[in-house]
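The structure appears right after this line, and notes come after that.
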Amino acid sequence: MADPRRHIPRTDTLLDAPELRFAIAHLGHRAVKGLVQRAQERARLGEITPVETLSEVLRTVPDTLSSLRAVINATGVIVHTNLGRAPLAAGAVDAVVAAAGCTDVEFDLTVGTRARRGRGAAEALLTAVPEAGDVHVVNNNAAALALAALALARGREVVVSRGELVAIGDGFNLPELIESTGARLREVGTTNRTRPQDYLSAIGPETAFVLKVHPSNFTVTGFVETVGVATLSELGVPVVVDVGSGLLRHDSALPQEPDVQSALRCGAALVTASGDKLLGGPQAGLVFGDADLVRRLARHPLARALRTDKLTLAALEATVRGPRPPVVQSLHAEPAELRLRADHMAAQLSDIDCHVVTSSAKVGGGGAPEVALPSVALSLPERYYAALRIGTPPVVGRIMGGRCLLDLRTIEPRQDPKAVDAVRAAS
């Protein structure tokens, strides 16, 4: 009998197939050839029949050449660091696509000369926070804080409360960051109690600034005393405030979360914040405050190494100017609205073990760790947790009480049909 492997289509025959023309134009000849060779190997191993080779190639054609895969966040953690933090709003995605080619990022089209980089993003941020004299954008919040220490405190002292010497994920420690810039930390107070006199006793000729850090990923309760920005601003030295999570203005959903506008109103000289957390934009570090101090940071030699690219600037400007991004929508979603969506999804899955339950969501990203957000979830057998995670598209839920929960607070409404299809495929 003839070896069936002789019937596997040749590589050039497959690459000439009309069905693959768009993939080759979009992904490139080399990438598609690799998919063809993998499909042929599966046919040689008997995992598929020779006639299925082209179908296998078409099945494995990716949407993009990046190894990153779009994921549906059903964890109930709104700002999930492992899933890329804030998902961009549709307007921000459009802005990134428009900025992908040649742009006027450092060029004034009216007069034909070089212009300030990121001026559109800066104008949007200053409009959102008019209390700031100026703003500077770097690649993340740690970079913003490091640049402040480099420009203002190298060889001098930074006074900080011991209760604010935070450590966050992936081995990041605030003391190590500050000391790596050549500044010296002057710790005051105790872990749970720091008073104005503690700062006064430490401030001297070597003091560059007082640092106020929001301990965003933990809470201390009980016998606790801290000093507010307004009181610190009366001590006679600049106050640098790291609000961390990226709120530009007070949000009623997070009454205890500090924001940039309030810190500046209380007298902070500089305020640093993240762009990809509660602001809901791309990864970026934002520095607001006194115009002269911000310009000192912007002129520092290391500022160029920390600057953001045109895609980040485009997404940041669109996020600030546009409607509420997905993070803010998730934060303010009404439980009754989530229940309606969940009931509709469960009705489409009535033939499997799926029912609607109440749940509790979190802010995530080091923001408001004490806040529990009432939510609604689809409850499925535990085996769905792994099956959904490796499906297309991947859906990442969480395990609770021996069940797989898909939390509606972190699933964007437009993703509901895809989530239903993913559950049905996993079943």
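At distances below 3.5 Å, at least one donor-acceptor pair connects side-chain atoms of Ser330 with backbone N or O atoms of Pro326. Looking only at distances, no side-chain donor or acceptor of Gln283 sits under 3.5 Å from a matching main-chain atom of Gly275. With hydrogens and angles ignored, the 3.5 Å screen pairs no side-chain donor or acceptor of Glu123 with any backbone N or O of Gly120. Between the Thr319 side chain and the Ala315 main chain, a donor and an acceptor come within less than 3.5 Å of each other. A donor-acceptor pair is defined here as one N or O able to donate and one able to accept, closer than 3.5 Å; no such pair exists between the side chain of Thr308 and the backbone of Leu313. Under a 3.5 Å cut-off, the side chain of Ser161 and the backbone N or O of Gly163 do form a donor-acceptor pair.
Between the side chains of Ser262 and Asp259, a donor-acceptor pair is found at a separation under 3.5 Å. Under the 3.5 Å distance criterion, with hydrogens and angles disregarded, no donor-acceptor pair is assigned to the side chains of Asp276 and Ser274. A side-chain N or O of Thr11 and one of Gln40 form a donor-acceptor pair less than 3.5 Å apart. Side-chain atoms of Ser379 and Arg403 form a donor-acceptor pair, as typed in the model, at a separation below 3.5 Å. For Glu225 and Thr194, the side-chain atoms include no donor-acceptor pair closer than 3.5 Å.
Between Asp407 and Arg409 no salt bridge is recorded (no basic side-chain N to carboxylate O distance below 4.0 Å). Using a 4.0 Å cut-off between charged side-chain N and carboxylate O, Asp12 and Lys33 make no salt bridge. Between Arg184 and Glu179, none of the side-chain N atoms (NZ, or NE/NH1/NH2) sits under 4.0 Å from a carboxylate O, so this pair counts as no salt bridge. Between Arg383 and Asp353 no salt bridge is recorded (no basic side-chain N to carboxylate O distance below 4.0 Å). Ion pairing of Asp104 with Arg119 is present here, as a side-chain N (NZ or NE/NH1/NH2) and a carboxylate O approach within less than 4.0 Å. A salt bridge is absent between Asp251 and Arg324; no separation between the charged side-chain nitrogens and carboxylate oxygens falls under 4.0 Å. Under 4.0 Å is where a charged nitrogen must lie from a carboxylate oxygen, and between Glu337 and Arg341 no such pair does.
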Between Thr49 and Glu52, is a side-chain hydrogen bond (donor to acceptor under 3.5 Å, both in side chains) present by the stated rule, with each step listed?
-> CA-CA 5 Å; Thr49 64; Glu52 294 174 321; 3.2 Å; yes
Report the C-alpha separation of Arg186 and Asp198 in whole Å, then their side-chain angles, then the decisive distance to 0.1 Å, and conclude whether the salt bridge (charged side-chain N to carboxylate O under 4.0 Å, His left out) test is met.
-> CA-CA 11 Å; Arg186 181 73 178 272; Asp198 296 322; over 6 Å; no
Run the salt bridge (charged side-chain N to carboxylate O under 4.0 Å, His left out) check on Arg38 and Glu41 step by step: do they pass?
-> CA-CA 5 Å; Arg38 283 193 285 274; Glu41 182 61 21; over 6 Å; no
Walk me through it: do Thr392 and Arg69 pass the test side-chain hydrogen bond (donor to acceptor under 3.5 Å, both in side chains)?
-> CA-CA 9 Å; Thr392 303; Arg69 298 183 65 189; 3.3 Å; yes
Audit row: Arg249, Glu257, salt bridge (charged side-chain N to carboxylate O under 4.0 Å, His left out) steps and yes/no = CA-CA 10 Å; Arg249 297 175 296 276; Glu257 193 72 9; over 6 Å; no
Give the intermediate values and the outcome of side-chain hydrogen bond (donor to acceptor under 3.5 Å, both in side chains) for residues Asp309 and Thr312.
-> CA-CA 6 Å; Asp309 73 329; Thr312 299; 2.7 Å; yes
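Rounding to the nearest 0.5 Å gives a distance of 11.5 Å between CG of Leu152 and CG of Leu211. In this structure, CG in Leu14 is found 10.0 Å from CZ in Arg10, a value given to the nearest 0.5 Å. Here CG of Leu293 is found 10.5 Å from CG of Asp134. Values are rounded to the nearest 0.5 Å. Expressed to the nearest 0.5 Å, how far CG of Leu373 lies from CD1 of Ile78 amounts to 5.0 Å. Taking CG from Leu174 and CG from Asp242, the interatomic distance works out to 7.5 Å, rounded to the nearest 0.5 Å.
In this structure the side chain of Thr190 never reaches within 4.5 angstrom of the side chain of Arg162, judged on heavy atoms. In this structure the side chain of Gln348 never reaches within 4.5 angstrom of the side chain of Pro417, judged on heavy atoms. Two residues are said to be in side-chain contact when any heavy atoms from C-beta on lie closer than 4.5 Å; Leu378 and Met345 meet this criterion. Contact check for Ile72 versus Lys418: side-chain heavy atoms found under the 4.5 Å cut-off. Here the side chains of Val32 and Val61 are not in contact, with every heavy-atom distance at 4.5 Å or above. Looking at heavy atoms from C-beta onward, Leu316 lies in side-chain contact with Leu125 at the 4.5 angstrom threshold. Leu297 has its side chain out of reach of Leu150: every pair of non-hydrogen atoms, C-beta onward, lies at least 4.5 Å apart. Residues His136 and Arg307 are not in side-chain contact: their nearest non-hydrogen atoms beyond the backbone lie 4.5 Å or more apart.
Surrounding NE2 of His332 are more than 12 heavy atoms belonging to other residues, nucleotides or ligands, all under 6.0 Å away. No more than 12 heavy atoms of other residues, nucleotides or ligands shown are found within 6.0 angstrom of CG on Asp63. Counting heavy-atom neighbours within 6.0 Å of Arg154 CZ, excluding the residue itself, gives a total of 12 or less. Residue-environment remark: NZ (Lys310) exceeds the threshold of 12 foreign heavy atoms within 6.0 Å.
Listed here is the closest heavy atom pair of Ala314 and Ala99: CB-CB, 3.7 Å.
Judged by the 6.0 Å distance and 45° axis criteria, Arg389 is positioned over the aromatic ring of Tyr385.
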